[in-house]
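Report on the following structure.
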2 protein chains.
Amino acid sequence: MSDPKRKKTTARGKRMDPKDREAMIVKEAVLYFAEHGLEGSTRKLARQIGITQPLLYRYFPSKESLIERVYQEVYVQRWNSKWDSLIPDRSQPLKQRLYRFYKEYAAAVYDYVWVRIFVFSGLKGVDINDRYLAIIREKVLEPVCTELRVIGNLPTPEKEPLSEAEIEWVWGLHGMFFYRAIRHFVYGLPMDTDIDAAIENDIDTFLAGAKATQKKILKKAKG
Amino acid sequence: MSDPKRKKTTARGKRMDPKDREAMIVKEAVLYFAEHGLEGSTRKLARQIGITQPLLYRYFPSKESLIERVYQEVYVQRWNSKWDSLIPDRSQPLKQRLYRFYKEYAAAVYDYVWVRIFVFSGLKGVDINDRYLAIIREKVLEPVCTELRVIGNLPTPEKEPLSEAEIEWVWGLHGMFFYRAIRHFVYGLPMDTDIDAAIENDIDTFLAGAKATQKKILKKAKG
DNA sequence: TTCTTTATTTATCATTTGATAATCTAATAA
DNA sequence: TTATTAGATTATCAAATGATAAATAAAGAA
């Protein structure tokens, strides 16, 4: 308050350092488009930021480029490469690995902005989703399938390639997890207070069920 | 082709029977808004129908009222009351009941229009979703919880009310089921060819897992 | 045929929207 | 103080949008 420099870089409306102003615009744009969708107007966005609409065009040549920047902000490096090693790490039980992975993953993606922009983009058919879902398949679904093969004393994927039915089956686990986020951030239902417990329940149920049903599923996949 | 009456009631653009024209508008509006979202323009909709844009306003006083009609068309009576009796019918095993319910339910809601308009509405915060999700809770989640209590030789909901943790848990089963539709109709991923088999796998896995984890979950819910 | 009715189109309006140009003004340097 | 730079606003445009009014034309009645 008494520091004039602080005022200079945070005051709304007037003469801000370009770096700070741009960051401010991006930050607010992320929130604005997450709430109203990518068709939201630049005027209302500007009002939310506390600037005039043409000022947006000093920082971004078009609305499209601003949205592109929003995608960068929300999705780039949203897959943390340290997660890669969690699921395949056989030094501990698969259940523990999945607990850890999905809890850490939840901390990143159980997020208003992340979920809503992802769904908005999906409905619009933006390619961002395809790219991201390919990562999910490669880094989550296929590793989980592989580990389930190991647990079930079944051939490795090298000997017997993963079938679509198996992948589809493991999408079930992921669906338990991610549909919770959709219920909350898209439908507006309340989120369970103990999220970690709910995640553990998903995993417990799926893994216990997997043991009992794996052979049936793989047999059907082959036949 | 040779029947002049047929031409009269299906030709695009000119002098159609009002009932038919209205039906045509609604049918196309459902498809159009499912694809482009509820913010789609009336002009593009009119072009898709093959009529001029002002003609829409002879049949509907406003865009809003047309969308209201679309909601009616898509959601009213989308919960078939005959489903009510499937899950509680103890004359057959729960697994068979769930197979039947979810397969019949899939025939209704694994549908481009249904899923997309539901998600569009959810993002927009329309109350339709809340009302529908309340039905899911009452007609699916709570009955499934109740039946799982019976199978587990646990107190009925009258003696021991259903906890939020239990409901949350059973949302997992529903999430397996419905996230498949989201993957396909929102993200555009291919849908497994054998949908019935995939649904059975969901149910098999959840029920087998339920047996193994139910007590843990209920204990945690109480403590 | 002519008249009447009304489904449909053409013309148009007021707002909103993405975008640009011109103007203003705060900060710094000379 | 004055001049210069550049961040920000005001004014404005062209296209798109929801909506209305007037004009057109197809079908049946007289």
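Naming convention: chains lettered A, B, ... in sequence-line order (proteins, then strands); numbering from 1 in each chain.
Where B:Pro61 and A:Thr52 meet DNA chain D, the nucleotide closest to each residue was compared, and A:Thr52 sits on the side nearer the 5' end.
Between B:Arg15 and D:dG28, a side-chain N or O to OP1/OP2 separation shorter than 4.0 Å is absent. Between A:Thr42 and C:dG18 there is a side-chain N or O to OP1 or OP2 distance below 4.0 Å. Distances shown here put every side-chain N or O of B:Ser41 at or beyond 4.0 Å from the OP1 or OP2 atom of D:dA16.
Rounded to an integer number of Å, the gap from CG of A:Leu55 to P of D:dG7 is 9 Å. One can place CZ of A:Arg47 at 18 Å from C1' of D:dA8, the figure rounded to the nearest angstrom. Atom P of nucleotide D:dG7 and atom CZ of A:Phe60 are separated by 14 Å, given to the nearest angstrom. Atom C1' of nucleotide D:dT17 and atom NZ of B:Lys44 are separated by 10 Å, given to the nearest angstrom. A:Tyr57 places its OH atom 17 Å from the P atom of D:dA14, with the value rounded to the nearest Å. Between the CD atom of B:Gln53 and the P atom of C:dT12 there is a distance of 15 Å, rounded to whole Å.
If you check every strand for non-hydrogen atoms under 4.0 Å, B:Pro54 touches a base. Using a 4.0 Å heavy-atom cutoff across all strands shown, B:Tyr59 reaches sugar-phosphate atoms only and no base atom.
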Start with the C-alpha gap between A:Tyr110 and A:Tyr102, add the side-chain angles, then the distance that decides, and say whether ring pair (Phe, Tyr, Trp, His ring centres under 6.0 Å) holds. CA-CA 10 Å; A:Tyr110 277 8; A:Tyr102 269 113; 9.2 Å; no
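The closest side-chain heavy-atom distance from A:Arg58 to A:Arg21 is not below 4.5 Å. Side-chain contact between B:Tyr99 and B:Asp196: absent, with no pair of heavy atoms (C-beta onward) separated by less than 4.5 Å. Between A:Phe60 and A:Ile67 the shortest side-chain heavy-atom distance does not fall below 4.5 Å.
A donor and an acceptor atom never sit less than 3.5 Å apart when one is taken from the side chain of B:Arg58 and the other from the base of C:dT6. For A:Arg43 and C:dG18, a side-chain-to-base donor-acceptor distance below 3.5 Å is present, hydrogens and geometry of angles not being considered.
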